[in-house]
Protein chains: 2
Amino acid sequence: MKTIIPIHEVKINTAPNDSFFETYEAKFKALADRKRLQIMYELTQRGKTCVCDLCDVVEMAQSKLSYHLKILLDANLITKEIIGTWSYYEINNSAVNGLLSEELCCIFRPSGS
Amino acid sequence: MKTIIPIHEVKINTAPNDSFFETYEAKFKALADRKRLQIMYELTQRGKTCVCDLCDVVEMAQSKLSYHLKILLDANLITKEIIGTWSYYEINNSAVNGLLSEELCCIFRPSGS
DNA sequence: TGATTAAATCAAAAAAAATTGATTAATGAA
DNA sequence: TTCATTAATCAATTTTTTTTGATTTAATCA
């Protein structure tokens with residue numbers, strides 16, 4: 001039988017290794033840009049949104065927006081769904097919540113939740 | 001009389017402005033480097049530490065370490081105290097706790113707390 | 001089919017960040 | 001004072017990231 005330990009009760013006993021620091025380096029790099037933070041915020045407010053709409057909202061050229069979305073996607077901070085010729089992006093709430101403080105998560109969390 | 005509202009009860013009603021995104025861009029940029037994450041971790045484990053000791057621990061040349069410490073200091077993630085010719089750096093726990101998730105804070109929080 | 005639209009990718013250029021080794025400033029000890 | 005030590009700063013170089021505009025891929029529609 002497997003025992004499920006709530007994440008907040010897990011004690012870290014070993015020192016983080018290189019790959020730990022690498023993993024979080026990538027996540028923080030993705031967040032380390034005001035335009036990408038704005039994209040995250042808009043996705044939070046609007047929910048699942050297609051690229052062409054997001055282009056207008058954040059006032060960014062399409063190829064530039066694609067570049068930034070890819071960085072957020074690779075860091076697993078957002079998810080992507082393709083429908084026909086459209087690509088829809090959405091906030092990955094569990095990843096955001098696992099990374100950021102409650103205060104800060106609020107900015108990247110739908111107002112109702 | 002001033003009313004003190006616990007931070008977790010504060011509701012954000014207005015959209016974040018440019019300076020909000022700029023502020024967090026700087027903080028996440030500071031965290032977006034595996035060497036700086038390691039510095040943060042070591043400061044957490046060792047408490048207040050002087051630069052020359054930190055040089056040995058993170059195996060980094062002095063001028064390079066100074067450069068990275070300044071970035072963390074400017075982002076308010078660590079604090080500095082000068083005693084004689086020594087500079088001591090320390091984790092800014094409240095800033096870290098206000099920024100990162102509980103799980104992640106644990107890595108940057110003394111094991112006793 | 002051919003034309004249109006959405007979005008990813010590419011290559012070149014520009015901008016920003018990191019590294020390196022040397023210099024400087026400040027303190028303390030001989 | 002002179003010498004040694006600590007740590008910040010500087011300038012030049014290297015590396016990384018971002019921007020730009022063009023091209024490509026794929027789906028839809030007439």
Side-chain angles (χ1 to χ4, degrees), chain A residues 18 21-43 46-91, chain B residues 18 21-43 46-91:
Chain A
D18 288 350
F21 292 124
E22 277 176 44
T23 299
Y24 286 99
E25 179 187 69
K27 287 184 190 295
F28 291 128
K29 265 195 176 126
L31 292 171
D33 180 283
R34 70 194 71 178
K35 276 295 182 185
R36 290 195 290 268
L37 289 174
Q38 195 201 343
I39 291 168
M40 299 271 290
Y41 174 74
E42 292 298 341
L43 288 179
R46 307 167 56 90
K48 193 177 285 195
T49 307
C50 90
V51 174
C52 53
D53 289 342
L54 209 50
C55 258
D56 297 337
V57 174
V58 302
E59 293 178 298
M60 208 184 277
Q62 180 268 319
S63 73
K64 191 170 165 175
L65 180 56
S66 265
Y67 168 80
H68 287 294
L69 286 169
K70 182 160 173 29
I71 287 171
L72 291 170
L73 185 67
D74 289 347
N76 194 36
L77 294 169
I78 62 177
T79 58
K80 173 184 177 177
E81 188 188 2
I82 297 175
I83 298 175
T85 47
W86 288 272
S87 291
Y88 291 87
Y89 286 88
E90 193 172 18
I91 276 280
Chain B
D18 289 350
F21 293 123
E22 277 177 43
T23 300
Y24 286 98
E25 177 187 72
K27 287 182 192 294
F28 291 127
K29 267 199 175 124
L31 292 171
D33 180 282
R34 70 194 70 178
K35 277 295 184 184
R36 289 196 290 268
L37 289 174
Q38 195 199 344
I39 291 169
M40 298 272 290
Y41 174 73
E42 292 298 341
L43 287 179
R46 308 167 55 91
K48 192 176 286 194
T49 307
C50 89
V51 175
C52 51
D53 289 344
L54 209 50
C55 258
D56 297 338
V57 173
V58 300
E59 292 177 300
M60 205 183 279
Q62 181 269 317
S63 73
K64 191 170 166 177
L65 180 55
S66 265
Y67 169 78
H68 287 295
L69 286 170
K70 183 160 172 31
I71 288 171
L72 291 169
L73 186 66
D74 289 347
N76 195 36
L77 295 170
I78 61 177
T79 58
K80 174 183 177 179
E81 187 187 3
I82 298 174
I83 298 176
T85 46
W86 288 272
S87 290
Y88 291 87
Y89 285 88
E90 193 172 16
I91 277 280

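Proteins come first, then strands; the chains are lettered A, B, ... in the order of their sequence lines, and each starts at number 1.
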Worksheet item: Whole-Å distance between C:dA18 P and B:Gln38 CD?
Response: 16 Å
Item to complete: Figure out the CE/C1' separation between B:Met60 and C:dT19, and round it to whole Å.
Response: 11 Å
Discussion item. To the closest 0.5 Å, what do you measure between CG (A:Leu37) and CG (A:Leu72)?
Written reply: 8.5 Å
Worksheet item: How long is the line joining CG of A:Asp53 and C1' of C:dA6, in whole Å?
Response: 12 Å
Worksheet item: Considering heavy-atom distances to DNA chain D, does A:Ala61 or B:Ser66 have its closest nucleotide positioned more toward the 5' end?
Response: B:Ser66
Practice prompt. Say whether, by atom type as modelled, one donor and one acceptor occur between the side chain of B:Thr49 and the main chain of B:Gly47 under 3.5 angstrom.
Written response: yes
Worksheet item: Which is true for A:Ser87 with a 4.0 Å heavy-atom rule: it touches a base, it touches only sugar-phosphate, or it touches nothing?
Response: sugar-phosphate
Restricting to nitrogen or oxygen on both sides, can you table the protein-nucleotides 21-30 of chain C pairs closer than 3.5 Å?
residue, atom, partner, partner atom, Å
C:dG21, O6, B:Ser63, OG, 3.4

Discussion item. Under a 3.5 Å distance rule, please check whether A:Arg34 uses its side chain to pair with a backbone N or O of B:Glu25 as donor and acceptor.
Written reply: no
Worksheet item: Contact class for A:Tyr88 vs. all strands (heavy atom < 4.0 Å): base, sugar-phosphate, or nothing?
Response: nothing
Discussion item. Let me confirm one number: the NE2-CD1 distance from B:His68 to B:Ile78, rounded to the nearest 0.5 Å.
Written reply: 11.5 Å
Worksheet item: How is B:Lys35 classified with respect to the nucleic acid when contacts are heavy atoms under 4.0 Å: base, sugar-phosphate, or nothing?
Response: nothing
Can you check nucleotides 12-17 of chain C for protein contacts, nitrogen or oxygen pairs under 3.5 Å, and list what you find?
residue, atom, partner, partner atom, Å
C:dA17, OP1, B:Lys29, NZ, 3.1

Response to the item:
Footprint ends on DNA chain D, 5' to 3', for atoms under 4.0 angstrom from a heavy atom of chain A, come out as D:dT17 to D:dT28
Worksheet item: When rounded to the nearest 0.5 angstrom, what distance separates CG in A:Leu77 from CZ in A:Arg36?
Response: 10.0 Å
Worksheet item: Taking CG from A:Leu54 and C1' from C:dA6, how many angstroms apart are they, rounded to a whole number?
Response: 14 Å
